[in-house]
Amino acid sequence: MSAENVIEVRGLVRRYGDLTAVDKVDFTVSRGEIFAYLGPNGAGKTTTINILSGLLRRDAGEVSVCGFDIEREPVAVKQRIGVVPEESNLYPELTCRRNLEFTGQLYGLGRTERRKRAEELLETFDLSDKAGARFGALSRGLKRRLTVAAALVHSPSVVFLDEPTAGLDVLSARALRELIRTINRNGATVFLTTHNLAEAEDLSDRVLILVKGRVVTEGTTADINKQVTKVGIVSVVFSGEVTKEALRGACPAVLSADGAGDKWQLQVSRTHQAVAQIISFAEGKGLEVMEIDTDPVSLEEAFLTILEGNSSKTKGRR
Ligand code: ATP
């Protein structure tokens with residue numbers, strides 16, 4: 001392993017019966033990076049994170065985390081990583097403080113050390129006033145925050161976060177993204193999965209896009225920015241009629257809209273944001289995006305084309 005790579009994955013394969021959920025995936029993550037593993041539902045993100053964190057076995061390939069093979073030296077890896085699962089693994093009946101102390105105990109921290117660490121984390125995560133509250137009684141956003149805090153109890157050098165902001169309101173999601181930046185600034189490498197392109201771009205140094213178990217593209221956010229910050233044109237066909245007012249109102253990245261009914265040509269300020277906004281606008285209206293084209297060509301276009309099953313890359317996988 002290169003000194004700079006804290007995660008190295010080569011030819012990773014994982015099958016569930018006839019389904020190849022992760023299909024010959026290669027990537028590396030450098031020390032100190034925030035790396036986003038981006039893909040739609042069912043892309044294989046959770047499967048990958050579970051393999052990297054030792055919860056699931058691989059069928060083929062090489063996986064090294066912090067210089068250790070996860071299957072051959074799981075304890076060495078687990079001491080160095082923190083994992084924030086999609087569903088919290090904390091105890092609803094225990095208080096926030098006890099949950100942190102108990103997690104510290106599981107990682108072998110002594111009593112004084114784990115108490116000190118729990119207080120530090122409660123403070124960093126702005127949860128000191130909830131220290132005595134039962135975890136089960138917290139709001140969704142605070143639960144997620146404590147779950148992230150618990151993953152840091154043993155000061156890991158790599159933190160895995162599976163869909164960290166899924167289901168959170170805008171403010172809680174923003175606060176959590178800020179905490180993820182803080183964790184990274186404090187020295188941890190961050191590997192996060194998300195299906196939110198804007199979030200990946202906002203948070204991460206590098207993004208990998210996974211669709212149906214295969215890597216579609218990978219690059220720095222600067223590469224992505226180059227492609228998506230220009231004013232662009234998006235042509236879109238919805239499965240039903242929409243109005244210009246509704247479209248403009250719901251999609252701030254849309255500068256102007258020409259069209260009628262279900263077919264629109266839009267001038268947009270940031271293509272990636274506009275596409276994300278158009279898709280959530282359609283979802284909110286109970287409509288489908290039947291066709292969407294962007295110009296200039298962007299990662300989003302590749303992403304969406306493949307999502308719609310038009311790419312030969314993903315054909316014949318199942
Ligand atoms: P999501 O964003 O919905 O969480 P994901 O990208 O994390 O999706 P995975 O959960 O890794 O994707 O799933 C990848 C594929 O493997 C999906 O088609 C899923 O249905 C399938 N899969 C996942 N776990 C199992 C399992 N235990 N048994 C059978 N199939 C599974």
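For ligands, and for the atoms within them, numbers begin at 1 and follow the listed sequence. Throughout, residue positions are numbered sequentially from 1 according to the sequence presented.
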(message) Quick check: closest heavy atoms across Ala246 and Phe281, and the distance to 0.1 Å?
(response) O-CE1, 3.6 Å
(message) Regarding Glu163 and His195, do their side chains bring together a donor and an acceptor under 3.5 Å, going by distance alone?
(response) yes
(message) Is it the case that ligand 1 has an N or O less than 3.5 angstrom from some N or O of Lys45?
(response) yes
Pairs of donor and acceptor atoms involving the side chains of residues 50-60, under 3.5 Å and at least two apart or interchain, shall be tabulated with distances.
unit_1 : atom_1 : unit_2 : atom_2 : d
Ser53  : OG     : Ile49  : O      : 2.7
Arg57  : NH2    : Glu71  : OE1    : 3.2
Arg58  : NE     : Gly61  : O      : 3.0
Arg58  : NH2    : Asp69  : OD2    : 3.0
Asp59  : OD2    : Arg15  : N      : 2.6

(request) Find all atoms of ligand 1 within a distance of less than 4.0 Å from any non-hydrogen atom belonging to Glu86, and give their numbers and elements. (result) 4 (O)
(message) So, 4.0 Å and heavy atoms of Pro40: is ligand 1 close enough to count as a contact?
(response) yes
(request) Determine yes or no for a side-chain-to-main-chain donor-acceptor pair under 3.5 angstrom, with Gln277 supplying the side chain and Ala253 the backbone. (result) yes
(request) Using non-hydrogen atoms of the residue, decide whether Gly44 is closer than 4.0 angstrom to ligand 1. (result) yes
(request) Return a yes/no value for Gly42: is any of its N or O atoms, backbone included, closer than 3.5 angstrom to an N or O of ligand 1? (result) yes
(request) Could you tell me which non-hydrogen atom of Ala150 sits nearest to which non-hydrogen atom of Leu90, and how far apart they are? (result) CB-CD2, 3.8 Å
(message) Less than 4.5 Å apart, side chain to side chain, heavy atoms only: is that true for Pro164 and Val148?
(response) no
(message) Need the ligand 1 atom indices (1-based, order shown) with element for anything under 4.0 Å from a heavy-atom of Leu19.
(response) 15 (C), 16 (O), 18 (O), 21 (C)
(request) Please collect all ring-ring contact (aromatic ring centres under 6.0 Å, His included) contacts where either partner lies in residues 77-105, sequence neighbours excluded, each pair once. (result) Tyr91-Phe102
(message) If the cut-off is 4.0 Å to any non-hydrogen atom of Asn41, which atoms of ligand 1 fall inside it?
(response) 1 (P), 2 (O), 3 (O), 8 (O)
(message) If the cut-off is 4.0 Å to any non-hydrogen atom of Ala21, which atoms of ligand 1 fall inside it?
(response) 14 (C), 15 (C), 16 (O)
(request) Would you confirm whether Asp293, through its side chain, and Val236, through its main-chain N or O, come within 3.5 Å as a donor-acceptor pair? (result) no
(request) Classify the contact between Val22 and ligand 1 as side chain, backbone, both or neither, using a heavy-atom distance cut-off of under 4.0 Å. (result) neither
(message) I want to confirm something. Looking only at heavy atoms, which of Thr47, Ile49, Thr20 is nearest to atom 13 (O) of ligand 1?
(response) Thr47
(request) Would you mind listing which atoms of ligand 1 come within a distance below 4.0 Å of any non-hydrogen atom of Ala43? (result) 5 (P), 6 (O), 12 (O)
(request) Mark the output for Glu163 as yes if a heavy-atom distance to ligand 1 is under 4.0 Å, and as no if none is. (result) yes
